[in-house]
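Both counts, for ligands and for their atoms, begin at 1 and track the order of listing. These numbers come from a predicted model, not from an experiment.
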Amino acid sequence: MKYISSRNKENLVSWSEAMVEGIAQDGGLFVPQEFPQIKNLADMVNMDYKEIAHEIIGAYFPSIEEADLGSIIDRAYDDKFSRKDIAPLEEVGDVHILELFHGPTLAFKDMALSILPHLLKKAMEIEGIEEELVILTATSGDTGKAALEGFADMDRIKIIVFYPRDGVSEIQKRQMISQEGKNTFVIGIEGNFDDAQGGVKDIFRDRDLGGEMQGAGYRLSSANSINIGRLVPQIVYYFHAYLSLLREKKLESGQKINIVVPTGNFGNILAAYYGKKMGLPVNKLICASNENNVLYDFINTGLYDRRRELKLTSSPSMDILVSSNLERLLYHISGQDHEYVRKKMEDLNTKGYYKVEELEMDDFYAGYSTEKEVEKSIGEVFDHEYYLMDPHTAVAYNVYRKYRDETGDKTLTVIASTASPYKFGRAVAAGLGLDTGDLDEFQILSHLEGRTRLAIPKAIGELGQKPILHKTICTKGEMKSKLMKILQVGDKDD
Ligand SMILES: *Cc1c(COP(=O)(O)O)cnc(C)c1O
């Protein structure tokens, strides 16, 4: 099982190298050379989350010894999760909602970021890495906190998070800037998520900086979904959902399901695609965007065009114009054509768009939801089903309604729910028609709790009392110098 850069067929590495590197030297993303096949799905029906994780993760990262992998999985999916079944599936009207937000930071990023640090440690051990690892992370709100939580106080690792200062929810920001742990650093960017992600990519591409860092005993890596160590653990919950439907006899063995995913960087839905490639019976992968509907245009027309203004929406974790993981999909659907991918990514970089005419994208359906539709869906689902959705989940729910109206397809459908509604109180309250006037975020949450009788999760209730520990703000251009200052590398006269 080798990994290869999406842009260069000579660049072939082991999983541990791929994980430690994060992104390939040539700027490409590491992809598995082949998809491991899960042939005995019906035999896995009584497995719990950890056992399924063992099968899937073990297939992608084969050189971890059984016992080591077992203990890594045990440490990742322990009582940090408020549910024993880790990712419960709730029947809500005519859909099943896969709740991926019961981890410590209340968003789906915990599903992978609670295990990534342990996998990365193992990869460093296998690769014999002596340097201290510096994890650079750009976040649209949820990755940052989940990565901080996952890496806090791990030795020989520093974690630095860049978030768009005005592009995250109040709760998301509070979660990050109150982070404890002496190896954690959190910096606000005067810009949007694409600026933060672009800045991080520039730092990775900076060879001189890389040299200086190495000289000082540091090595850069990434906790963004460009890291293969993020992607693989996300495949697990799609199998888990399918198997629990089988167990409850809502499906027959081999029967297909639709999967709807609220999409930003294309990581979560790509994991579902990988699942399908491994033998998970999937009919349509439904890609749901908010008003930043670049992926909707791409899947429907073949034109990927980032030349537009990024809109700030009520689903900030999807306010993205450059969906990094789409590069991996391009690689797979172009028949592993490295040259083709390299050319398209170069177009995106230099011209701001690329066009694919010849590729088959029938696995996917794409739709998007407007801000009005999101608000309406939150209210309707609560009124009719007594189920409270966060705005990201509502984007997906609304796109599914459109799909169903358009196609009449009655295939059993699973919607990925990516965050707790309490992370986005203001938008959720608006959906329920509550008057939040000049209430602060925490007062809004109390109102929501009163109205819905759903308890505020402990991790959010406590936030108001936590001291703010991280106050640094900078521009995209200053990211590199901030990094060097934190690490005390190079010219410190800035
Ligand atoms: C990150 C995130 C998404 C988007 O997931 P991608 O893997 O980037 O497509 C959707 N919803 C929430 C709540 C998120 O945190």
Donor-acceptor contact below 3.5 Å, side chain Ser369 vs main chain Val395: yes
Structural part of Phe266 in contact with ligand 1, heavy atom criterion under 4.0 angstrom: backbone
Atom indices of ligand 1 within 4.0 angstrom of Asp142 heavy atoms, with elements: 12 (C), 13 (C), 14 (C), 15 (O)
Side chains of Ser222 and Asn227, donor plus acceptor under 3.5 Å: no
Ring-face cation of Lys402 near Tyr368 (centre distance under 6.0 Å, axis angle within 45°): yes
Ala419: numbered ligand 1 atoms lying under 4.0 Å from its heavy atoms: 13 (C)
Ligand-side contact atoms (ligand 1) for residue partner Thr263, heavy atom cut-off under 4.0 Å: 9 (O)
Within 45° cone and under 6.0 Å: Lys201 NZ/CZ vs Phe204 ring: no
Ser225 to ligand 1, any heavy atom closer than 4.0 Å: no
Atoms of ligand 1, numbered as shown, that sit under 4.0 Å from any heavy atom of Pro262: 4 (C), 10 (C)
Ligand-residue contact atoms, ligand 1 with Gly267, heavy atoms, under 4.0 Å: 6 (P), 7 (O), 9 (O)
Nearest non-hydrogen protein atom, atom 6 (P) of ligand 1: Asn265 N, 3.5 Å
Under 4.0 Å to a heavy atom of Gly264 - the qualifying atoms of ligand 1, by number: 4 (C), 6 (P), 8 (O), 9 (O)
Non-hydrogen atoms of Phe30 and Ile23 that approach each other most closely: CE1-C, 3.9 Å
Shortest protein contact, atom 12 (C) of ligand 1 (heavy atom only): Thr418 OG1, 3.3 Å
Flag for Gln234-Tyr274: side-chain donor and acceptor within less than 3.5 Å: no
Protein residue, atom and distance nearest to atom 7 (O) of ligand 1, heavy-atom basis: Asn268 N, 2.8 Å
Salt bridge (charged side-chain N to carboxylate O under 4.0 Å, His left out) partner of Asp297, chosen from Arg306, Lys355, Arg308: Arg308
Ring centres under 6.0 angstrom apart (His470, Phe185): no
For atom 1 (C) of ligand 1, closest protein heavy-atom neighbour: Lys109 NZ, 1.4 Å
